[in-house]
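Quick notes on the structure that follows.
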Protein chains: 2
Amino acid sequence: MGRPATPKLSVEKIAAAALDLVDAQGEFTMGEIAAALSVRPSSLYNHVAGKVEVIEAIRALIFKEEPPPPGEWNDTLRALLCHYRNAFARHPRLIPMLTAHTVSSPDVVHMYDDIATVLSDAGIPTGRLLDVITVLDSFVIGSALDVAAPDQVWDAAQARTPVLVAAIEAAGQGRVRADRAFELGLDLLLGALARLRAVEE
Amino acid sequence: MGRPATPKLSVEKIAAAALDLVDAQGEFTMGEIAAALSVRPSSLYNHVAGKVEVIEAIRALIFKEEPPPPGEWNDTLRALLCHYRNAFARHPRLIPMLTAHTVSSPDVVHMYDDIATVLSDAGIPTGRLLDVITVLDSFVIGSALDVAAPDQVWDAAQARTPVLVAAIEAAGQGRVRADRAFELGLDLLLGALARLRAVEE
DNA sequence: ACCTGAACACCGTTCAAGT
DNA sequence: ACCTGAACACCGTTCAAGT
């Protein structure tokens, strides 16, 4: 066959096809991407170096940035963290794949820039800044994994104490439960940060 | 050859060999486990159903429980969460593998039991209990991933704002940095919980 | 420059055969 | 009951050949 007049592939097309596969079935193979794009697997290697690079391309695809909205530091930070978490939550099954290869993608670092600026403006001293960012980041990533987890994780049948059984039954299920827990965590952390800020100043 | 007088394999031996491989190189194949145990790959299937079951066996291996120490609810909860996070942190490269297959292992649920009991005794109402547990769990898992991440994630060269650059340079590196951030997060969350408790009561 | 087809090493898993 | 050896389908990747 040979080279077509206009390329049939691009990094973006490959990443988008792979992301569709992950959303649909939780994983992808190079062969499946090729099939989705009506191409042979070997063709993909003209655009990406390998499977790892496909995953990185997906990561870049997910983090289409959004400028930090203006407002009170509290609200700005909250909006930023929600955006960050939702970028993951829109593709729950992708998260384990992304965490498997931890790479400092430019888009992610860009988000850290925004968070750092807001926190600094809010009065968090430089010496503590990265620790605070790490705490927020850890919580967001963990919450994203919580969205990815099937509700099976909270299995009342396996609980041994009546307290946990009652708690599981009271909590509801699915995305609503995960969202509510995330909001609570944000309240707790941002509230604590406000106090930290007051103490340091 | 045929059946040996005394079995050469067991689920525990397989899991231990796999964990060694993960610690050493971040992944394992069935063939590598077999080689480490001086056995053919097909032999493994007399003891485990497949690779996924090996991962579950590792999970069970990691969570050798420790009874919750008595004391003030604050200290008890802190000790519990530290233990939980350290169980992961001892095997950083394992974490992405575990998060890929979220399963409600009995050992993990057992830990939730302990946390639920402490929180309930501390006065957190049942309706909020699972949300609080989820928040703590998300933070712990996220923090464990932070330990697994190479320091490259915090790459001053990729930061765009001077604030973030300064913060990264001030933060130090490696395990010390991750541990300090984890402690800060615990302080913030447990402090916020204490206030939540005061409000609800 | 970019797609194809054939080929590679490797991997997870199955299963009949042996004791 | 448990280890072996041969065999399977599949997967990621390479590369010479084509235009």
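The figures that follow rest on heavy atoms only: side chains count, while hydrogens, waters and symmetry mates do not. Chain identifiers are assigned alphabetically (A, B, ...) following the order of the sequence lines, protein sequences preceding nucleic acid strands; residue numbering begins at 1 within each chain.
In this structure, the side chains of A:R93 and A:D23 stay at 4.5 Å or more apart for every pair of heavy atoms. Residues B:L98 and B:F88 have side chains in contact (heavy-atom distance under 4.5 Å, counting atoms from C-beta outward).
Straight-line distance from the CG atom of B:L44 to the C1' atom of C:dC15: 15 Å, rounded to whole Å. Counting to the nearest Å, the P atom of C:dC2 and the CG atom of A:L37 are 15 Å from each other. Between A:K8 atom NZ and C:dA1 atom C1' there is a gap of 15 Å when expressed in whole angstrom units. Distance CG (B:N46) to P (D:dC2): 7 Å, rounded to an integer number of Å.
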Whenever both distances are under 3.5 Å in a Watson-Crick or G-U wobble pair, mark it; put DNA chain D into dot-bracket that way, with [ ] for crossing pairs and | when the partner is on another strand. ||.|||||...|||||.||
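Judged as a salt bridge (charged side-chain N to carboxylate O under 4.0 Å, His left out), and not counting sequence neighbours, the contacts of B:R175 are B:D179. Residues passing the salt bridge (charged side-chain N to carboxylate O under 4.0 Å, His left out) test with A:R40: none are found, sequence neighbours excluded. Partners of A:F28 according to the ring-ring contact (aromatic ring centres under 6.0 Å, His included) rule, which considers only residues two or more places apart in sequence or in another chain, do not exist here.
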Under 3.5 Å, which N/O atoms of the protein pair with N/O atoms of nucleotides 9-12 of chain D?
unit_1: D:dG12; atom_1: OP1; unit_2: A:K51; atom_2: NZ; d: 2.9
unit_1: D:dG12; atom_1: OP2; unit_2: A:M30; atom_2: N; d: 2.9

Sort me out a list of protein N/O and nucleotides 5-8 of chain D N/O pairs below 3.5 Å, or just none if empty.
unit_1: D:dG5; atom_1: N7; unit_2: B:S42; atom_2: OG; d: 3.4
unit_1: D:dG5; atom_1: O6; unit_2: B:S42; atom_2: OG; d: 2.6

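Panel note: side chain A:S120, backbone A:A116; no donor-acceptor pair is recorded below 3.5 Å. A side-chain donor-acceptor contact under 3.5 Å links A:D113 to the backbone of B:T161. The main-chain N or O of A:G71 is never found under 3.5 Å from a side-chain atom of A:D75 such that the two would form a donor-acceptor pair.
A close approach under 4.0 Å does not occur between any side-chain nitrogen or oxygen of B:H47 and OP1 or OP2 of D:dA1.
With 3.5 Å as the limit, one finds no donor-acceptor pair spanning the side chains of B:D146 and A:S138.
Here the two rings, on A:F139 and A:Y84, have centers that are 6.0 Å apart or farther.
When all heavy atoms of A:P92 and A:A148 are compared, the closest pair comes out as O-CB, 3.2 Å.
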